Undergrad: 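Let me begin by handing over the structure; questions about it come next.
Predicted model, so just to flag it, every value in this text is computed and none were measured.
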Amino acid sequence: MKFDVYAFGVVLFEVLCARPPVDFRVEEEQCILAMWAQRCIKQGMLDHITDPSLRGEIPANGLKVFAEVATNVFLRIPSIVAKGIDLKWNNWMICGFKKGFPERFQSEQVTDTGIQLYRKFSLAEIRAATNNFHEQLEVGRNADINVYIGDIAHGNLKVSIRRRIGRTPSETNMDQFRNEIQVLSHLRHLNILSLIGYCNEKNEMILVYEYLAKGRLYHHLYQTNNEPFPWEKRLQICIGAARGLQHLHGGTKRTIVHQNLQLTCILLDENWVAKVGGFEFSRMLPENISGTNSNTFVADNAGYMDPEYLASAKLTEKSDVYSFGVILLEVLCGRKPMIMTRDEDQVNLVRWFKTNIERGTVDQIIDPNLTDKIAPECWKEYVTVAEKCVCYEGIERPSMDDILSSLRSALHLQDNWRNV
């Protein structure tokens, strides 16, 4: 009977968080939902792991009561049962990751329901949330997309609303709209932007996302008068983005290639946690296939695109690795990947970086705000992994697993240097 009570407690958290009870695609401390949720409750952070589509729908006191009920379920488990569960989990951690977990312990792939997973907003709801798309609520704009801050759920939930502008949607735009929803329906991860809903009424193509208070990394690197980013924070953001890409490449049944990765696709929440967005051009590769042909060339992605893909039109996860390597260089050097006003040998950031690698003068092209702020061993680790990412041949580039490991090592070396 006590095991049934424990199982019901797990179900309560599944309903609240919309994730499997065991998920080895996420960080080790988050794998077991029940344990992770209890830690978040103790830290007063349960709302951070709640299903994004429920945020603002649950009154604060209602969430508190729910947490108390779920916690009491686990408190009622006899200590011998709890110790048994912990012991079994520890055995899995010791043996499972080395030998591979039995299939029955692995998380199930999200079913391909796509658009049905998300809330469909009426155009009237969107207009109410944005005060009829008022310019004072507009926080971003490019050639064909406007982004607004809005309030839904009776003003209890702040969201980001992305509206594609233009009177009539083209077939290409509609394909991108559907594709982004379809791709995101397979993804639920701390470091991936969460989609809440959509609106496709009266030729509108509108997507509603979780609101991220700090906005785009691009803004903080290039368009702010605030104090420059400390190196440690830059590293942490890169690690978060790497975790999101790691999930794309290996966390779902089918590999997902972002295909349009650039600095503007990395967004930051109020705690500076990085989340990857911008999935309108993403591709899901067929099962057990490492690449696919693609004729998609994104106009504003110059400087980020994999040269091997440009030559062969074959898209693989290593194409994302190249783009991520360019982002690592931007974060280090504080400059854009293409600057046409520079001297010819400095126009392309990757080429300029490689030239300075050969000369042994990379330290002379970094962001001046980082001078004497990076630990020597951290510098070596970071520059090495960035150089590997932007190799011209995909086979020579590391996997996102290896990149994440290197970045974590770099942060550890930086922290040790700071604490000396």
Undergrad: Give me the one residue out of Leu285, Asp320, Thr316, Ile256 that meets side chain to side chain contact (heavy atoms under 4.5 Å, CB included) with His249.
TA: Asp320
Undergrad: Kindly indicate, with the supporting measurements, whether the criterion side-chain contact (heavy atoms from CB on, under 4.5 Å) is fulfilled by Arg243 and His189.
TA: CA-CA 9 Å; Arg243 288 184 59 209; His189 190 276; 3.9 Å; yes
Undergrad: Find out whether Leu268 and Val273 are in side-chain contact, i.e. whether some heavy atom of one side chain is under 4.5 Å from a heavy atom of the other.
TA: no
Undergrad: Pick one: which of Lys373, Arg335, Arg234 meets side-chain hydrogen bond (donor to acceptor under 3.5 Å, both in side chains) with Asp367?
TA: Arg234
Undergrad: Using the rule given for side-chain contact (heavy atoms from CB on, under 4.5 Å), can you reason through Val331 versus Leu329, listing the C-alpha separation, both sets of side-chain angles and the distance that settles it, and then say yes or no?
TA: CA-CA 5 Å; Val331 169; Leu329 296 185; over 6 Å; no
Undergrad: Begin from the C-alpha positions of Tyr198 and Val208 and carry the test side-chain contact (heavy atoms from CB on, under 4.5 Å) through to its verdict.
TA: CA-CA 6 Å; Tyr198 67 97; Val208 180; over 6 Å; no
Undergrad: Just do the side-chain contact (heavy atoms from CB on, under 4.5 Å) check on Phe324 and Met400 with the steps written out, would you?
TA: CA-CA 9 Å; Phe324 187 68; Met400 288 310 305; 4.1 Å; yes
Undergrad: If we only count heavy atoms from C-beta on, is the Val147 to Ile145 side-chain gap below 4.5 Å?
TA: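 Yes, at least one pair of side-chain atoms sits under 4.5 Å.
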Undergrad: Answer yes when Glu125 and Arg119 have at least one side-chain N-carboxylate O distance shorter than 4.0 Å, and no when they do not.
TA: yes
Undergrad: Cut-off 3.5 Å, side chains only: do Tyr322 and Glu308 have a donor facing an acceptor?
TA: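 Side chains of Tyr322 and Glu308: no pair found under 3.5 Å.
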Undergrad: Do Gln176 and Arg164 pair up side chain to side chain, a donor and an acceptor below 3.5 Å, judged on atom types alone?
TA: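 There is such a pair (donor and acceptor under 3.5 Å, judged by atom type) between the side chains of Gln176 and Arg164.
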Undergrad: Regarding Asp402 and Lys388, does a basic nitrogen lie under 4.0 Å from an acidic carboxylate oxygen?
TA: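 The answer is no: the pair does not qualify as a salt bridge.
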Undergrad: Taking atom CD as the centre, does Glu135 end up with more than 12 heavy-atom neighbours from other residues, nucleotides or ligands that are less than 6.0 angstrom away?
TA: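 Check fails, neighbour count at 12 or below.
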Undergrad: What's the shortest heavy-atom distance between Ser160 and Glu210, and which atoms?
TA: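 Closest pair (atom of Ser160, atom of Glu210, distance): CB-O, 3.9 Å.
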Undergrad: Taking the side chain as every heavy atom from C-beta outward, state whether Arg397 and Asp306 have any atom pair closer than 4.5 Å.
TA: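 Yes, at least one pair of side-chain atoms sits under 4.5 Å.
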Undergrad: Is a donor on one side and an acceptor on the other found under 3.5 Å between the side chain of Asn356 and the backbone of Trp352?
TA: yes
Undergrad: Are side-chain N/O atoms of Glu330 and Tyr304 paired as donor and acceptor at under 3.5 Å?
TA: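 A donor-acceptor contact under 3.5 Å links the two side chains.
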Undergrad: Taking atom types as modelled and ignoring hydrogens, do the side chains of Asn191 and His247 form a donor-acceptor contact shorter than 3.5 angstrom?
TA: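 No - no donor-acceptor pair under 3.5 Å links their side chains.
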Undergrad: Count the heavy atoms belonging to other residues, nucleotides or ligands that lie under 6.0 Å from CG of Asp372, then report whether that count exceeds 12.
TA: no
Undergrad: Can you tell me how far CG of Leu187 sits from CE of Met284, rounded to the nearest 0.5 angstrom?
TA: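 Met284 atom CE to Leu187 atom CG measures 7.5 Å (nearest 0.5 Å).
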Undergrad: What closest approach, in Å, do Val276 and Ala241 show between heavy atoms, and which atom pair accounts for it?
TA: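 In terms of heavy atoms, the two residues are closest at CG2-O, 3.8 Å.
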Undergrad: Give me the ring orientation class for Tyr382 and Trp231: parallel if the planes are under 30° apart, tilted from 30 to 60°, perpendicular past 60°.
TA: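 Because their plane-to-plane angle is over 60°, the rings of Tyr382 and Trp231 count as perpendicular.
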Undergrad: Are a donor atom and an acceptor atom from the side chains of Asn260 and Gln262 found within less than 3.5 Å of each other?
TA: yes
Undergrad: Can you tell me which residue among Arg418, His412, Gln414 is in a side-chain hydrogen bond (donor to acceptor under 3.5 Å, both in side chains) with Asn416?
TA: His412
Undergrad: Would you say the side-chain atoms of Arg162 pair up with the backbone N or O of Leu207, donor to acceptor, closer than 3.5 Å?
TA: no
Undergrad: Rounded to the nearest 0.5 Å, what separates atom CD1 in Ile149 from atom CD in Glu138?
TA: 11.0 Å
Undergrad: If you count heavy atoms of other groups shown closer than 6.0 angstrom to CD of Glu270, is the number above 12?
TA: yes
Undergrad: Side chain of Lys354, backbone of Val390: donor and acceptor closer than 3.5 Å?
TA: yes
Undergrad: Looking at Cys199 and Ser122, what are the two nearest heavy atoms and their distance?
TA: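 Closest pair (atom of Cys199, atom of Ser122, distance): SG-C, 4.0 Å.
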Undergrad: Does Leu315 offer a backbone N or O that forms a donor-acceptor pair with the side chain of Ser319 under 3.5 Å?
TA: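 Between the backbone of Leu315 and the side chain of Ser319 there is no qualifying donor-acceptor contact (under 3.5 Å).
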Undergrad: Kindly compute the distance separating CG (Leu267) from CG (Leu212), expressed to the nearest 0.5 Å.
TA: 5.5 Å
Undergrad: Hey, is the main chain of Leu413 close enough, under 3.5 Å, to the side chain of Glu377 for a donor-acceptor pair?
TA: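 Flag not set: sc Glu377 to bb Leu413 has no pair under 3.5 Å.
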Undergrad: I want to check a possible cation-pi pair here: Lys336 against Tyr222, using under 6.0 Å from ring centre and within 45° of the ring axis as the test.
TA: yes
Undergrad: Does the side chain of Asp401 reach to within under 4.5 Å of the side chain of Gln246, using non-hydrogen atoms?
TA: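 The answer is yes; the side chains approach within 4.5 Å.
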Undergrad: First locate atom CG of Asp144, then atom CE of Met205, and finally report the distance between them rounded to the nearest 0.5 Å.
TA: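 Atom-to-atom, Asp144:CG and Met205:CE are 8.5 Å apart.
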Undergrad: What pair of heavy atoms forms the shortest contact from Arg216 to His220, and how long is it?
TA: O-CD2, 3.2 Å
Undergrad: Okay, side chain of His258, backbone of Gly277: is any donor-acceptor separation there less than 3.5 Å?
TA: yes
Undergrad: Could you tell me which non-hydrogen atom of Gly197 sits nearest to which non-hydrogen atom of Tyr118, and how far apart they are?
TA: CA-CB, 4.0 Å
Undergrad: Distance to the ring centre below 6.0 angstrom and angle to the axis at most 45 degrees; does that hold for Arg163 and Tyr148?
TA: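 Here Arg163 fails the 6.0 Å and 45° test against Tyr148.
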Undergrad: Within a strict 4.5 Å, meaning less than it, do heavy atoms of the Asp363 and Trp379 side chains meet?
TA: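 Yes. Closest side-chain heavy atoms under 4.5 Å.
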Undergrad: Search all heavy atoms of Cys378 against all heavy atoms of Ala410 and return the closest pair with its distance.
TA: SG-O, 3.3 Å
Undergrad: Rounded to the nearest 0.5 Å, what separates atom CD1 in Ile266 from atom CG in Leu245?
TA: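 Rounded to the nearest 0.5 Å, the CD1-CG separation comes out at 7.5 Å.
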Undergrad: Taking the side chain as everything from C-beta on, heavy atoms only, tell me whether Thr130 gets closer than 4.5 Å to His134.
TA: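 In short, these two side chains do not touch, never coming nearer than 4.5 Å.
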Undergrad: Got a second to check how far Phe229's CZ is from Gln236's CD, nearest 0.5 Å?
TA: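 It comes to 10.5 Å.
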Undergrad: Any side-chain heavy atom of Val347 sitting closer than 4.5 Å to one from Met340?
TA: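 Val347 vs Met340: side chains touch.
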Undergrad: Are Ser282 and Val257 close enough that some pair of their side-chain heavy atoms sits under 4.5 Å apart?
TA: no
Undergrad: Between Asn179 and Glu280, is any side-chain donor less than 3.5 angstrom from a side-chain acceptor?
TA: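 No donor-acceptor contact under 3.5 Å links the two side chains.
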